[in-house]
Every structure is written in C-alpha cells, then in structure tokens.
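Report on the following structure.
Each chain gets a letter, A, B and so on, in the order the sequences are listed, and its residues count up from 1. Only this structure's heavy atoms are used, side chains among them; waters, hydrogens and symmetry mates stay out.
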Amino acid sequence: MADYLTQIEAAVYDGDEDLVVELVEKALADGVDPEAIIQDGGVAALNRLGDDFNNMIAFLPELMIGGECMKKLIEMCSPHLQGGKSAFKGKIVIGCAKGDLHDIGKSLVATQLSINGYEVVDLGTDVPTNKFIDTAMAEKADIIAVSSLLTTSQYYMEELINRLSHEGKRDLFKVAVGGGPIGPEYAEKIGADGYSRTAALAVKMADRLLDKKPGDPLVSEV
Amino acid sequence: MEHAIVIACQMLEHEIRAALRDTGLTCPVTWLERELHNRPDHLREVLQEEIDKAPPGTTVLLAYAQCGNAAVGLEAHSAKLVLPRFADCVHLFRSERVGDPGQVDCRTLYLSPGFLEERSGILKDYDRYCGKWGPEKARRVCRMMVKNYRAVSLMDTHAADLEAYAPRCRDYAELLGLSLERCEGSYRVLCKLFGGQWDEEFVVVPPGGAIDMAEFMGMPRAAGML
C-alpha cells in the first residue's frame with residue numbers, strides 16, 4: 001500500500017496524469033483506502049509542490065498540472081469514499097475581482113481549499129462586488145476570498161469591504177484577499193480579515209479565519 | 001535637466017532610447033533586467049537600491065509605472081523621484097492624451113517590441129516545458145496560462161521597426177491559440193518624463209518622501225470585459 005501511495009505522490013508531483021490514472025485504478029482494485037490515496041498521495045504531492053513553489057524550484061505551470069492530476073484523482077476516489085466523511089470545515093465564496101481575468105492563482109487556492117475540507121463556491125473571473133455579496137448571503141458563506149493580479153482591480157477589494165460595512169453585513173463574513181501585487185500591508189489597510197501569499201498557505205489562513213473574532217488583527221500567512 | 005539620472009526598465013529600451021533622443025536629455029541611465037516585473041517585491045528592492053545610490057540633490061526619473069505595486073513604498077531619501085502615474089507600461093503606452101488612462105482590453109495580451117526580444121516570456125517558458133513534458137503538453141500548459149485571453153496584439157510604439165518583431169509575435173499567437181492583432185502605442189509619456197513636463201500624469205516625490213499607494217487611487221479602475 002505504501003508503495004502505491006509513494007508512486008501516486010510522485011506521479012501527481014510530476015504532473016503525469018496517465019500514470020496517476022493507472023496507479024489509482026490499480027490501488028483501488030487492490031483495496032487501498034481511497035482516503036489515503038487522496039491524503040498521502042495527492043495532498044502530499046500538492047504540499048510538496050507548494051513548498052517547491054515557495055523555494056522557486058517549481059512554478060505556476062507545475063502547480064496547475066499537479067492540480068489537474070489531483071482533480072482526476074479525487075474524481076476516481078470519490079465514489080469509493082465511505083459516507084460521513086464529507087462534513088466541511090466551512091464554506092468559501094471565491095473569485096477574481098472585477099476586471100481581472102487572471103484566475104490561475106485563484107483556482108489553485110480553490111483546489112487547495114477543496115481538498116482540505118472546505119466547500120468552495122467559485123465565481124470565476126471578473127466578479128462584480130454585488131455578486132460576491134449576494135452569493136455569500138445566499139450560500140451562507142463563512143469566508144469571501146478575492147484575488148487580484150491587476151492593480152487596477154485591487155480597489156474592488158476595498159469596495160467590497162466598505163459595501164459590507166455600509167450594508168451592515170461586515171460581521172457575517174470574513175474577507176480574505178490575495179494576488180500578485182497584494183501584500184499584508186494592503187490587506188490590513190483596507191480592513192481585510194485574512195491574507196495569504198500562496199495557495200498552500202491559504203488553507204492555514206482559512207483555518208485561522210474561522211476562529212477570528214471581529215476586531216482581531218489581520219490573519220496573515222506569508 | 002541638471003543632476004538627473006534615469007532608472008530604466010530594459011523591457012522599454014526602444015521607447016526610452018527614442019524619448020531620450022527626442023528630448024535631448026543626456027544623463028546617466030541605469031538599465032534594470034527586463035523580467036524583474038514578474039516579482040514586484042523584488043523589483044521594489046532593486047529599485048530602492050538604485051535610488052539609494054543617487055547623490056543628494058539628484059532627480060531620479062523612474063521609467064516605470066505602478067508595476068504590480070513595485071513602485072509603492074519607494075523612498076526618495078535625499079533625492080527627488082518622478083514616476084509616470086500609470087498602472088503599467090501597457091497603460092502608459094496606450095494613453096493618448098493627458099487624463100487618458102490608456103485603452104486596455106483585459107482579454108488582450110499586448111506585446112511591444114521589448115516583450116518580443118529574444119525568446120523571452122511564454123516562448124522561453126514553452127522551451128522549458130518542452131524539456132519537462134514534451135511539446136504537446138507544453139503547448140497545452142501555455143494555453144492554460146492564457147485561457148481567458150482573446151488576442152495577442154502587436155503594439156506599435158513607433159520606437160522600433162515593428163516588422164522585425166512580427167514573426168515572433170505570430171509565433172506567440174499560434175502557440176497560445178489566440179488571434180493576432182495590431183494596435184497603436186506611443187512613448188509620449190516618456191518624453192514628458194525626460195522633458196520635465198511633470199503634470200498630473202506623474203507622481204513627484206520630494207526628498208524625504210515616499211511613493212504612497214494613494215497616488216494611484218485616483219486612476220480609473222478596471223472596467224471588466226470590453
């Protein structure tokens with residue numbers, strides 16, 4: 001079993017989807033626990049890729065391809081999971097700020113959160129402020145997460161927070177922000193609750209955000 | 001202009017040289033590596049190091065823009081800083097007159113000649129991915145990176161022979177599966193930077209000051225898809 005998991009971890013890390021499919025098929029047929037395949041195979045590989053990304057050994061494409069392998073792996077393992085394992089830690093509405101179509105980072109965060117126990121509602125790109133608020137209300141979300149790669153779109157993060165305050169909804173949701181030009185200083189300045197530098201760190205940030213009380217300082221993972 | 005230096009992005013070399021020529025400004029120019037913009041935090045550090053080398057009383061002309069917030073937080077110390085008040089070089093080149101933020105379609109990948117020097121950017125990435133995954137997957141990965149884009153647009157800033165760059169731009173478009181277009185640009189803002197015409201299109205920071213994000217807040221925001 002350990003051998004399968006090691007090989008699956010390596011295949012996801014290498015982004016070899018054909019090999020992932022072959023190995024997962026064999027592992028499931030041999031009775032390997034699908035939860036172990038997900039955690040010790042897929043999640044472990046994505047964590048290693050995340051570490052390598054931080055150390056500039058791996059780059060965005062490697063994370064994207066690893067994420068694709070992970071989606072395939074989950075798709076194959078999900079039907080074999082026992083019921084009762086699906087209790088989510090929290091619900092997150094995520095999207096790119098208005099005017100921004102750069103969704104690679106946002107999608108990596110969504111994948112990381114999904115495989116680490118969060119229910120994720122992904123609104124995609126170029127998301128108007130209204131849509132973030134309306135969806136978060138309808139979904140009774142815990143966290144609204146906004147990404148922006150463009151400095152011309154980052155101002156919509158502040159607009160979202162101001163709108164929530166103005167409408168008396170600020171305490172209903174934690175607001176997390178991130179993206180290439182966004183730093184913890186900006187997150188703090190606009191009154192966000194959370195900031196994460198990378199997709200891997202976003203899970204830790206979200207876990208901490210769930211316990212954050214109004215008035216607590218910014219939860220920052222850098 | 002007395003006691004001026006230029007800190008220049010190599011990505012804009014054609015346009016900067018043309019503007020220096022047109023304005024007749026002769027002063028030291030420090031060229032910084034073209035791909036620094038990929039890492040704004042690092043670019044900020046490098047820019048600050050260069051600013052700090054300027055003797056007291058120097059006017060530092062930054063041939064940059066907000067550049068992913070790389071410019072935000074730069075400290076003038078004993079120098080004066082002047083920086084175009086634009087989000088990035090695409091907005092800077094696509095701005096036609098004072099007050100024009102630059103017409104930019106967020107689904108278009110704009111390439112001026114500087115972006116097409118050598119096999120840089122995505123073409124360089126493609127070569128690296130080919131070695132790792134083979135050409136078919138390398139191409140798929142490159143297309144994933146730009147899946148929300150619609151077109152590649154070769155920008156004529158009138159500072160270089162555009163036809164020399166057209167074949168490489170075509171390679172970009174074919175690799176990425178995007179349509180190929182052309183558009184107009186201009187280096188007029190750089191001419192104003194080097195000519196001392198620092199109106200509302202510029203952030204001017206006196207000695208002891210710093211570039212605050214608020215300097216860019218008044219700029220029009222992204223409007224979404226055109």
Side-chain angles (χ1 to χ4, degrees), chain A residues 13-19 56-69 95-108 124-131 148-160 179-190 197 222, chain B residues 37-44 65-73 85-88 90-91 101-102 104-109 122 124-126 128-130 132-134 137-150 212-226:
Chain A
Y13 179 88
D14 290 337
D16 190 337
E17 191 171 321
D18 292 341
L19 186 57
M56 296 187 69
I57 297 167
F59 300 92
L60 274 182
E62 280 90 342
L63 297 190
M64 284 161 52
I65 293 294
E68 285 217 325
C69 290
C96 295
K98 185 168 170 56
D100 201 336
L101 302 176
H102 301 88
D103 62 352
I104 295 170
K106 180 270 299 167
S107 297
L108 289 171
T125 61
D126 190 20
V127 182
T129 303
N130 277 350
K131 193 169 177 183
S148 177
L149 183 73
L150 302 175
T151 53
T152 47
S153 288
Q154 70 184 26
Y155 309 114
Y156 292 108
M157 295 173 166
E158 187 174 14
E159 181 182 279
L160 170 70
I182 309 301
E185 300 82 9
Y186 181 69
E188 191 162 20
K189 187 175 175 181
I190 64 173
R197 172 74 69 195
V222 291
Chain B
H37 71 238
N38 291 333
R39 295 168 58 206
D41 288 343
H42 182 51
L43 172 57
R44 186 184 307 113
Q66 191 177 359
C67 300
N69 286 334
V72 174
R85 195 193 301 270
F86 289 85
D88 50 42
V90 176
H91 285 82
V104 178
D105 171 18
C106 63
R107 297 185 66 207
T108 298
L109 188 62
I122 288 181
K124 190 172 159 188
D125 293 341
Y126 171 74
R128 187 171 70 83
Y129 307 152
C130 274
K132 188 177 173 80
W133 292 311
K137 191 164 178 178
R139 199 153 100 136
R140 189 164 66 85
V141 169
C142 287
R143 291 186 176 197
M144 281 170 70
M145 298 288 283
V146 295
K147 68 181 166 53
N148 292 321
Y149 280 81
R150 178 186 65 77
D212 193 280
M213 189 178 287
E215 295 282 3
F216 301 96
M217 291 294 199
M219 296 191 313
R221 300 174 180 189
M225 284 183 263
L226 295 179

- Query: Just wondering, do B:F216 and A:Y155 contact through their side chains at under 4.5 Å, heavy atoms?
  - Reply: yes
- Item | Atom pair CE/CZ of A:M56 and B:R39 - distance to nearest 0.5 Å | 4.0 Å
- Message: Using 0.5 Å steps for rounding, measure from the CG atom of B:N69 to the CD atom of A:E185.
- Response: 10.0 Å
- Quick one: pull up OG in A:S107 and NZ in B:K147 and give me the separation to the nearest 0.5 Å. 5.5 Å
- Task: Give, for atom NE2 of A:H102 and atom OH of B:Y149, the distance between the pair rounded to the nearest 0.5 Å.
- Result: 2.5 Å
- Message: So A:I65 and B:K132, do their side chains get closer than 4.5 Å, heavy atoms only?
- Response: no
- Task: Determine, step by step, whether B:K137 and A:D18 satisfy the salt bridge (Lys or Arg N to Asp or Glu O under 4.0 Å) criterion, reporting the C-alpha distance in whole Å, the side-chain angles of both residues, the deciding distance to 0.1 Å, and the verdict.
- Result: CA-CA 12 Å; B:K137 191 164 178 178; A:D18 292 341; over 6 Å; no
- Item | Greater than 12 external heavy atoms within 6.0 Å of B:K124's NZ | no
- Task: Could you point out which residue of A:D103, A:T125, A:D126 forms a side chain to side chain donor-acceptor pair (under 3.5 Å) with B:N148?
- Result: A:D103
- Query: What pairs with B:R150 under salt bridge (Lys or Arg N to Asp or Glu O under 4.0 Å), at least two apart in sequence or on another chain?
  - Reply: B:D105, B:E181
- Note on the structure: Of all heavy-atom pairs linking B:A87 and A:T152, the shortest is CB-CG2, 3.6 Å
- Query: Which residues pass the salt bridge (Lys or Arg N to Asp or Glu O under 4.0 Å) test with A:E68, sequence neighbours left out?
  - Reply: B:R140
- Message: If you count heavy-atom pairs within less than 4.5 Å of chain B, which of A:P128, A:P61, A:G179 leads?
- Response: A:P61
- Indicate yes or no for a side-chain donor-acceptor contact from B:W133 to the backbone of A:D14 under 3.5 Å, with no hydrogens or angles considered. yes
- Query: Is chain A contacted by the side chain of B:D88, its backbone, both, or neither, given a heavy-atom distance below 4.5 Å?
  - Reply: neither
- Note on the structure: Of the listed B:G68, B:P40, B:C67, the one with the largest count of heavy-atom pairs under 4.5 Å with chain A is B:G68
